[in-house]
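Contents: one structure, followed by commentary.
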Amino acid sequence: VACTLLILTLLAPLLLAQNVSADDRIYDEVRRRLANDRDVKGAGIEVTVMNGAVTLAGRVSSEKMRLRAAEIAKKVKGVIKVDNQLKVFGVD
């Protein structure tokens, strides 16, 4: 039992580092795709990623842009969920 705990203790940082690097890759890819999309054009959208779950926040100029941003994020490899918190200008 002690040996198992020691192994888990030693491996935990490596597993966490893999999640962080996967999240960083997802973040970079989502940002790149949003910036390159002709409809969204980045639009100042805030992107956060935690364990493959992407959150989009901020304001966009249309419902089409809000939906398109989520669609783009969902297509990135490794994304398990998208929480679309984007608001359309003037609509709360």
Side-chain angles (χ1 to χ4, degrees):
V1 174
C3 184
T4 303
L5 287 175
L6 177 62
I7 291 171
L8 289 175
T9 303
L10 294 173
L11 289 179
L14 294 175
L15 295 173
L16 290 174
Q18 286 178 347
N19 268 351
V20 169
S21 63
D23 284 349
D24 287 345
R25 184 198 56 76
I26 291 169
Y27 172 85
D28 290 343
E29 185 65 15
V30 169
R31 294 291 305 156
R32 184 185 66 75
R33 290 187 187 191
L34 289 173
N36 290 335
D37 185 80
R38 66 183 172 94
D39 293 325
V40 177
K41 299 177 195 120
I45 296 171
E46 299 167 33
V47 176
T48 56
V49 183
M50 182 169 283
N51 298 320
V54 175
T55 300
L56 303 175
R59 294 190 178 268
V60 293
S61 59
S62 69
E63 181 66 12
K64 177 183 177 184
M65 190 181 287
R66 189 182 83 78
L67 295 173
R68 178 74 181 134
E71 180 183 317
I72 290 167
K74 287 177 187 173
K75 290 182 179 179
V76 171
K77 183 179 178 184
V79 172
I80 58 170
K81 174 182 150 188
V82 175
D83 180 9
N84 189 348
Q85 297 181 5
L86 292 169
K87 305 284 185 198
V88 178
F89 292 145
V91 179
D92 290 320

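What you see below is based on every heavy atom in this structure, not just the backbone, and it leaves out hydrogens, waters and symmetry mates.
- Across all non-hydrogen atoms, the minimal contact from I45 to A69 is CD1-CB, 3.8 Å.
- Judged by distance alone, the side chain of D83 and the main-chain N or O of L56 form no donor-acceptor pair under 3.5 Å.
- Of the residues T55, V54, I26, the one that meets the side-chain contact (heavy atoms from CB on, under 4.5 Å) test with V47 is V54.
- Minimum heavy-atom separation, A70 to N84: CB-ND2, 3.4 Å.
- Comment: E29 does not engage R25 in a salt bridge, judged by the lack of any side-chain N to carboxylate O separation of less than 4.0 angstrom.
- Residues N51 and D23 approach most closely at N-OD2, 2.7 Å, considering heavy atoms.
- Of the possible polar contacts, none joining the D39 side chain to the M65 backbone as a donor-acceptor pair under 3.5 Å is found.
- Checked for salt-bridge contact, K74 and E71 miss the test: no charged N lies under 4.0 Å from a carboxylate O.
- From E63, atom CD reaches atom NZ of K87 across 11.0 Å, with rounding to the nearest 0.5 Å.
- Listed for the K75 side chain is no donor-acceptor partner under 3.5 Å among the backbone atoms of I72.
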Q: Kindly determine whether R68 and D37 satisfy side chain to side chain contact (heavy atoms under 4.5 Å, CB included), including the steps that lead there.
A: CA-CA 9 Å; R68 178 74 181 134; D37 185 80; 2.7 Å; yes
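- Of the possible polar contacts, one joining the N36 side chain to the R32 backbone as a donor-acceptor pair under 3.5 Å is found.
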Q) What do the steps show when you test R33 against V76 for side chain to side chain contact (heavy atoms under 4.5 Å, CB included), and what is the final call? A) CA-CA 9 Å; R33 290 187 187 191; V76 171; 3.8 Å; yes
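- Between the R66 side chain and the S61 main chain, no donor and acceptor come within less than 3.5 Å of each other.
- Interatomic distance, NZ of K81 versus CE of M50, reported as 11.5 Å (0.5 Å rounding).
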